[in-house]
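Atoms within a ligand are numbered from 1 in the order they appear, just like the ligands themselves. As the structure is a computational prediction, the values presented were derived from the model and not from experiment. Side chains are part of it too, since the values below use all heavy atoms of this structure and drop only hydrogens, waters and symmetry mates.
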Amino acid sequence: MLQFISGRRVAVATEQASEFQRRGLLIILSSPSGVGKTTLARKLVEWDSAIKTSISSTTRKPRDGERDGREYYFTSTEEFAADIKAGRFLEHAKVFGHYYGTPHSFVETWFSRRHDVLFDIDWQGGSQLRNSKYGEYTVSIFVLPPSIPELARRLRARGRDSERMLKERMELCRDEIGHWTEYDFVLVNKNLDVVLNQIKTIVTSERLKRKHQTGLGSFVDSLYGQLEAG
Ligand code: 5GP
């Protein structure tokens, strides 16, 4: 806000330093499947409604309980190819034999409203996002399993995959884990609540980075204004 102080027009602080306007973050969450990424993503959104989960398009079939437009936009391979051609994806990749892609539109809408967008995507998508026009706004988090036997146990307990599929997931886990060094933060999910708190800490401190706090410049100007006004 601008006010006259001692005959000079200066910006006056109207907000506490911790409440400045800020840019949104693009939070990339990756892990091998079975590590708890989907639960973590859900709990993170419950924690703070400023975080919106990006809804991807996929060519895989819906699982029981999944709804079109909620977990994913379920689409055909032809439609997916047409969307790629039309440049509708910010990133896309083939995972477990199916195509997955992040539509531009969702990110543009929420990011322009200064919301954070959370991406539950694989390492290929993470890498494409980091190299996109949003690169400087990304923070990437990779979650590792506490051990391979524990990961296998968790995958079996889900009861979603055949033995062949489980074997395939474990093979892909090797590929996925190989990309851990590309991420800003690497966490080990021994305990879901601990990891969730670690992610909250990461998001909170990332938001406070100078480059994300767009209101800081005018606040500092207002401090100068107040100094000059005595
Ligand atoms: P699921 O089919 O089990 O929901 O997801 C399989 C894998 O695809 C997960 O590792 C998930 O993070 C990843 N995935 C989901 N959506 C996207 C997306 O839009 N882009 C990319 N690159 N990966 C995705």
Exercise. Same hydrophobic cluster for L196 and V45, using side-chain heavy-atom links shorter than 4.5 Å among ILVMFWY?
Worked result: yes
Exercise. Using heavy atoms and a threshold below 4.0 Å, how should the contact between Q124 and ligand 1 be classified: side chain, backbone, both, or neither?
Worked result: neither
Problem set entry | Where ligand 1 meets Y72 - atom numbers and elements under 4.0 angstrom, heavy-atom basis | 1 (P), 2 (O), 4 (O), 5 (O), 15 (C), 16 (N)
Exercise. Would you call W123 a ligand 1 contact, heavy-atom distance under 4.0 Å?
Worked result: no
Problem set entry | Location of contacts on E91 toward ligand 1, heavy atoms closer than 4.0 Å | side chain
Exercise. Between K211 and E206, is there a salt bridge with N-O shorter than 4.0 Å?
Worked result: no
Exercise. Hey, are E71 and R67 close enough for a salt bridge, meaning a charged N less than 4.0 Å from a carboxylate O?
Worked result: no
For this session: Salt-bridge test for R60 and E66: reply yes if a basic N is under 4.0 Å from a carboxylate O, no otherwise.
Result: yes
Exercise. If you count the atoms of ligand 1 from 1 in the order shown, which ones are under 4.0 Å from a heavy atom of T102?
Worked result: 19 (O)
Problem set entry | For ligand 1, the portion of F119 having any non-hydrogen atom under 4.0 Å away | neither
Problem set entry | Pair E46 + K43, salt bridge at N-O below 4.0 Å | no
Exercise. What do you reckon, does S57 have a nitrogen or oxygen under 3.5 Å from a nitrogen or oxygen of ligand 1?
Worked result: no
For this session: Check each heavy atom of R169 against ligand 1 and say whether those closer than 4.0 Å belong to the side chain, the backbone, both or neither.
Result: neither
For this session: Looking only at distances, please establish whether an N/O atom of ligand 1 is found under 3.5 Å from an N/O atom of R160.
Result: no
Exercise. So, are E171 and K167 salt-bridged, with charged N and O less than 4.0 Å apart?
Worked result: no
For this session: Decide whether the shortest distance between a heavy atom of S33 and an atom of ligand 1 is less than 4.0 Å.
Result: no
For this session: May I have the step-by-step check of salt bridge (charged side-chain N to carboxylate O under 4.0 Å, His left out) for D120 and R42, ending in yes or no?
Result: CA-CA 10 Å; D120 168 345; R42 182 173 46 75; over 6 Å; no
Exercise. Does S31, backbone or side chain, put an N or O under 3.5 Å from an N or O of ligand 1?
Worked result: no
For this session: State whether R130 and D184 are salt-bridged, where the test is any N-O pair (Lys NZ or Arg NE/NH1/NH2 against Asp/Glu carboxylate O) under 4.0 Å.
Result: no
For this session: Could you see which bit of V95 sits under 4.0 Å from ligand 1, with heavy atoms only: side chain, backbone, both or neither?
Result: side chain
Exercise. Does ligand 1 have a heavy atom under 4.0 Å from the side chain of K37, from its backbone, from both, or from neither?
Worked result: side chain
Exercise. Do the side chains of L216 and Y137 join up, straight or via other hydrophobic residues, at under 4.5 Å, putting them in one cluster?
Worked result: no
Exercise. Can H92 be said to touch ligand 1, with heavy atoms closer than 4.0 Å?
Worked result: no
Seminar exercise, completed: For G125, the atoms of ligand 1 under 4.0 Å from one of its heavy atoms are 22 (N)
For this session: Can you see which heavy atom on S132 is nearest to which on L90, and at what distance?
Result: CB-CD1, 4.1 Å
